[in-house]
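Comments concern the structure below.
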Amino acid sequence: MRILFIDIDTLRPDHMGCYGYSRNTTPNMDQVCREGIRFDQYYCSDAPCLPSRASLVSGMFGIHNGAVGHGGTAADRRVTGCPRDFTDIVDDNCFHNIFRKAGMHTASVSTFPERHSSWWFNAGFNECYNVGGHGNESGEEVLPVALDWLRRNRERDNWFLHVHFWDPHTPYRAPESFGNPFAEVPLDTWIDETVLEEHKKAVGPHGINELGMYTDQIAPGYPRMPGSAQDMAGLRRVMDGYDTGILYADYLVGQLLDLLKEQGLYEDTAIFITSDHGENMGELAIYSEHGTADYPTCHIPFIMKWPGCKAGSVDSGLHYSLDLLPTMAQLLGVEPWEKWDGQSFAPAVTEGKAAGREYLVLSQMAHVCQRSARFGDWIYIRTLHDGYHLFDREMLFNVKEDPHEQRDVKALHPEVCAQGAKLILDWQEEQMLKSPSPVDPMYTVLHEGGPYHTRGHLQEYALRLEQTGRAQGAQELRRRHPDEALQPETNLRKYLQYR
């Protein structure tokens, strides 16, 4: 068996044609979808990039594997400690090793491990290729490596190839020669001038005034990436940049698929298409970022073309991406590991049977400290650190009626909030009873100074708010975060002091 795993960073489903988007961003991936299964309610358990892949690869929630942030203690996977054998049992039973155990040759083309110093990602691969861009490279550097691998292994059977493209991720980096395919295509957006004006008053990094997180400076070398958007023309530039990144990734995917067809291998190759996380494009007044535990950030695409599956079918059950590990173990006849948190949905693949969960708990600790409960038509979000967005402690959205989270309806549905809060509490207690550590890593993040992407930024951001007519927001941030307001040192200064 041959398996091609296409990993496209920062890809939200509703910007793909096969998930209903009006812009033609994904013609090649849409074709794979027509030949396979589309999963409509598929989520990363832990966002964003590093935590999501840590959960996928380990098969464990971040509360268990410990890698929930982008810096500090919580950016590293927990050490197994005294029980560790000659090899680490977590790596022995990781996602990539499932394919090795099934007798397959495994390879990866990705800069993720180096970008995040997350070398555990390479466990289980026979071959690893790193073009050296730390995730800032365009896919035009990745594609030749993947094509070369496919050509050299044309006669090999039983392989698993992971190919990772970053192109929809900020800063938008599709080659200038690709042009702007959407220059004359109408925007497909819920944001109008009234909404945009409200967002210009909002407080929080990666808002429409500070697309560079805390600044409106344009990233050098990335002409597609604006620093801010002050009108609908500016909004179009943001949306076109994101959609062009998706289309460019699809163009690269198309070349992989064309080579497989040319080699006569396409029909018999299983293909997975997914992402690590989605992207907020105006939701919660956040643009071009994946910094929350909400619906647009945690909801991801998953398309699976698998031998024997019903072409064009749709699964609407709730799944975590970490459920893929036990699913593959079952499909490939590999013995499962009792420490996995995932739940196999193999019956959905082979028999079209429902195999979803009743609810999900989603976490984010790199930009904010949040957990949310996704159940029924609802997402209930609970915030312990607002990431300087001035979020309420509780938020509630009906994602069926309001997928862009414009109306927080917690005051109208206190009973739903109570249900969501109980789901999170029960989940946390259940996971901590099974945890190898007595500490929830969310509290590690809080006690180390808050989410990584907020550390050392409050003073500079409050000053910018005051200079741009949002002094009231700066005042409220200082009130909410008094300890951080008194600590203006940057992460570099902290590092030098530590050294």
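All values below come from the heavy atoms of this structure, side chains included, with hydrogens, waters and symmetry mates left out.
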As an exercise, state the distance from [atom1] of [X] to [atom2] of [Y], rounded to the nearest 0.5 Å.
X	Y	atom1	atom2	result
Glu279	Arg12	CD	CZ	8.0 Å
Thr274	Asp9	OG1	CG	11.0 Å
His389	Leu477	NE2	CG	10.0 Å
Ile381	Glu405	CD1	CD	5.0 Å
Cys94	Asn65	SG	CG	12.0 Å
Arg407	Met395	CZ	CE	15.5 Å

Is the closest side-chain heavy-atom distance between Glu289 and His453 below 4.5 Å? no
Is there a side-chain contact between Tyr287 and Thr170 in this structure, where contact means two heavy atoms from C-beta onward sitting under 4.5 Å apart? no
With ring centroids as reference points, do His96 and Phe121 lie under 6.0 angstrom apart? yes
How about Tyr295 and His299: are their ring centres within less than 6.0 Å of each other? yes
Side chains of [X] and [Y]: donor-acceptor distance under 3.5 Å anywhere?
X	Y	answer
Thr26	Asp250	no
Asp341	Tyr320	no
Gln364	Thr297	no
Asp386	Thr383	no

Just jot down the ring-ring contact (aromatic ring centres under 6.0 Å, His included) partners of Phe99, sequence neighbours excluded, or say none. Phe95, Phe160
Could you tell me whether Arg53 sits above the aromatic face of Phe112, with NZ or CZ closer than 6.0 angstrom to the six-membered ring centre and within 45 degrees of the axis? yes
Test side chain to side chain donor-acceptor pair (under 3.5 Å) on Asp88 and Thr80; report intermediate values, then the result. CA-CA 7 Å; Asp88 193 301; Thr80 300; 2.7 Å; yes
CA sep, side-chain torsions, deciding dist, call: Tyr242, His15, ring-ring contact (aromatic ring centres under 6.0 Å, His included): CA-CA 9 Å; Tyr242 181 59; His15 276 243; 5.1 Å; yes
Determine yes or no for a side-chain-to-main-chain donor-acceptor pair under 3.5 angstrom, with Glu137 supplying the side chain and Gly135 the backbone. yes
ring-ring contact (aromatic ring centres under 6.0 Å, His included) partner of Phe302, the single match among Phe5, Tyr19, Tyr42: Tyr42
When you check the gap from the basic side-chain N to the acidic O, do Asp440 and Arg371 get nearer than 4.0 Å? yes
Checking side chain to side chain contact (heavy atoms under 4.5 Å, CB included) between [X] and each of [options], which is the one that passes?
X	options	result
Val142	Phe165, Tyr129, Trp166	Phe165
Tyr461	Val203, Thr454, Thr215	Val203
Pro226	Leu235, Ile208, Val238, Asp216	Val238

So, for Arg374 and Leu318, which heavy atoms are closest and what is the spacing to 0.1 Å? O-CD1, 4.0 Å
Heavy-atom closest pair, residues Ser321 and Ser45: OG-N, 4.4 Å
Below 30° counts as parallel, above 60° as perpendicular, anything between as tilted: where do the rings of Trp190 and His199 land? perpendicular
Which atom pairs, one a donor and one an acceptor, fall under 3.5 Å between side chains of residues 409-417 and the rest of the protein, sequence neighbours left out?
unit_1 : atom_1 : unit_2 : atom_2 : d
Lys410 : NZ     : Asp392 : OD2    : 2.8
Lys410 : NZ     : Glu394 : O      : 3.4
Lys410 : NZ     : Asp408 : OD2    : 2.5

Quick check on Lys434: does its NZ atom have over 12 non-hydrogen neighbours (other residues, nucleotides or ligands) under 6.0 Å away? yes
Carefully, step by step, assess Trp427 and Phe61 under the rule ring-ring contact (aromatic ring centres under 6.0 Å, His included). CA-CA 11 Å; Trp427 177 89; Phe61 296 119; 5.2 Å; yes
